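This report refers to the structure that appears directly beneath it.
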Amino acid sequence: MNPAVTLGRVLAQKGCVRTINRGMASPAPWNYLWKPGPYPEDKDSRAAAAKKYGMLLEDYSPYEDRDVMAGDYPCLPIDPMSERSALYEWDHPEYRRNYGEPLQEQWWMYQDTRISPNTNLRYTRPQMNRVQLAVFLAIVGLTILTEGEYGIPKTTQQRLDQQLVTEGITHYSFEVPE
């Protein structure tokens with residue numbers, strides 16, 4: 001057989017074996033690094049967890065409720081992307097976050113294209129609802145008052161009856177008055 005064909009077969013077989021081995025290898029090395037550890041019980045484990053997530057010990061606090069099953073992952077406040085400053089020099093400006101910054105547990109829910117809890121509004125929701133109800137009632141009340149039936153008479157332009165052409169009725173004439 002031709003040596004070039006034999007060499008081609010050997011290279012093809014070894015190349016496929018390498019590809020199969022890569023696809024069936026152990027998981028990528030970062031999987032176990034980012035997995036939360038057990039819930040910190042003492043100060044040393046809390047300090048280690050704070051260091052793991054790049055936080056100060058004073059800022060680090062795990063979830064108080066053990067049923068969350070987050071392990072040593074920090075309980076972070078909700079900080080939606082739409083409420084962060086767009087003028088800041090972010091490492092990832094499309095997400096408005098910096099490299100290595102720990103994420104809130106449900107960070108995907110508070111992205112720019114999704115909901116925002118609107119924590120920086122000027123007025124609260126009940127205040128906004130009360131003002132909207134007051135404006136609605138004022139508009140309805142003014143409409144009822146100016147309708148003419150109960151309060152202020154309806155203001156319309158005064159008009160005469162239409163002057164239609166009918167037999168025997170003269171509405172006007174072109175004769176000079178005497």
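None of these values were measured; they are calculated from a predicted model. Position 1 is the first residue of the sequence, and the numbers go up from there.
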Minimum heavy-atom separation for [X] and [Y], please, with both atom names.
X: Asp59; Y: Met55; result: O-CE, 3.7 Å
X: Pro36; Y: Gly71; result: CB-CA, 4.5 Å
X: Tyr110; Y: Gln106; result: CD1-O, 3.3 Å

Atom [atom1] of [X] and atom [atom2] of [Y]: how far apart are they, to the nearest 0.5 Å?
X: Met128; Y: Arg130; atom1: CE; atom2: CZ; value: 11.0 Å
X: Asp91; Y: Glu94; atom1: CG; atom2: CD; value: 10.0 Å
X: Ile144; Y: Ile139; atom1: CD1; atom2: CD1; value: 12.5 Å
X: Lys52; Y: Tyr60; atom1: NZ; atom2: OH; value: 8.5 Å
X: Gln132; Y: Gln127; atom1: CD; atom2: CD; value: 14.0 Å
X: Cys75; Y: Gln104; atom1: SG; atom2: CD; value: 7.5 Å

TODO: Check whether more than 12 heavy atoms from other residues, nucleotides or ligands sit under 6.0 Å from atom CD of Glu89, and answer yes or no.
DONE: no

Open item on the list: Can you confirm whether more than 12 heavy atoms, excluding those of Glu41, are under 6.0 Å from its CD atom?
Closed with: yes

TODO: Name all residues meeting the side-chain hydrogen bond (donor to acceptor under 3.5 Å, both in side chains) criterion together with Tyr63; count only those two or more places apart in sequence or in a different chain, and write none if there are none.
DONE: Glu105

- [ ] Would you check, one step at a time, whether the test side-chain contact (heavy atoms from CB on, under 4.5 Å) holds for Trp107 with Arg97?
- [x] CA-CA 11 Å; Trp107 70 276; Arg97 63 180 295 256; 5.6 Å; no

Task: Hydrophobic cluster identity match, Leu133 and Val135, side-chain contacts under 4.5 Å - done: no

- [ ] Assess the side chains of Asp72 and Tyr53: does a donor N or O sit below 3.5 Å from an acceptor N or O?
- [x] yes

TODO: Please step through side-chain contact (heavy atoms from CB on, under 4.5 Å) for the pair Tyr73 and Leu103, ending with a clear verdict.
DONE: CA-CA 10 Å; Tyr73 198 76; Leu103 296 172; 3.9 Å; yes

Task: Within-4.5 Å side-chain heavy-atom neighbours: Pro62 and Arg46 - done: yes

TODO: Determine yes or no for a side-chain-to-main-chain donor-acceptor pair under 3.5 angstrom, with Glu101 supplying the side chain and Asn98 the backbone.
DONE: yes

- [ ] Just do the side-chain contact (heavy atoms from CB on, under 4.5 Å) check on His92 and Tyr99 with the steps written out, would you?
- [x] CA-CA 7 Å; His92 301 286; Tyr99 178 77; 4.3 Å; yes

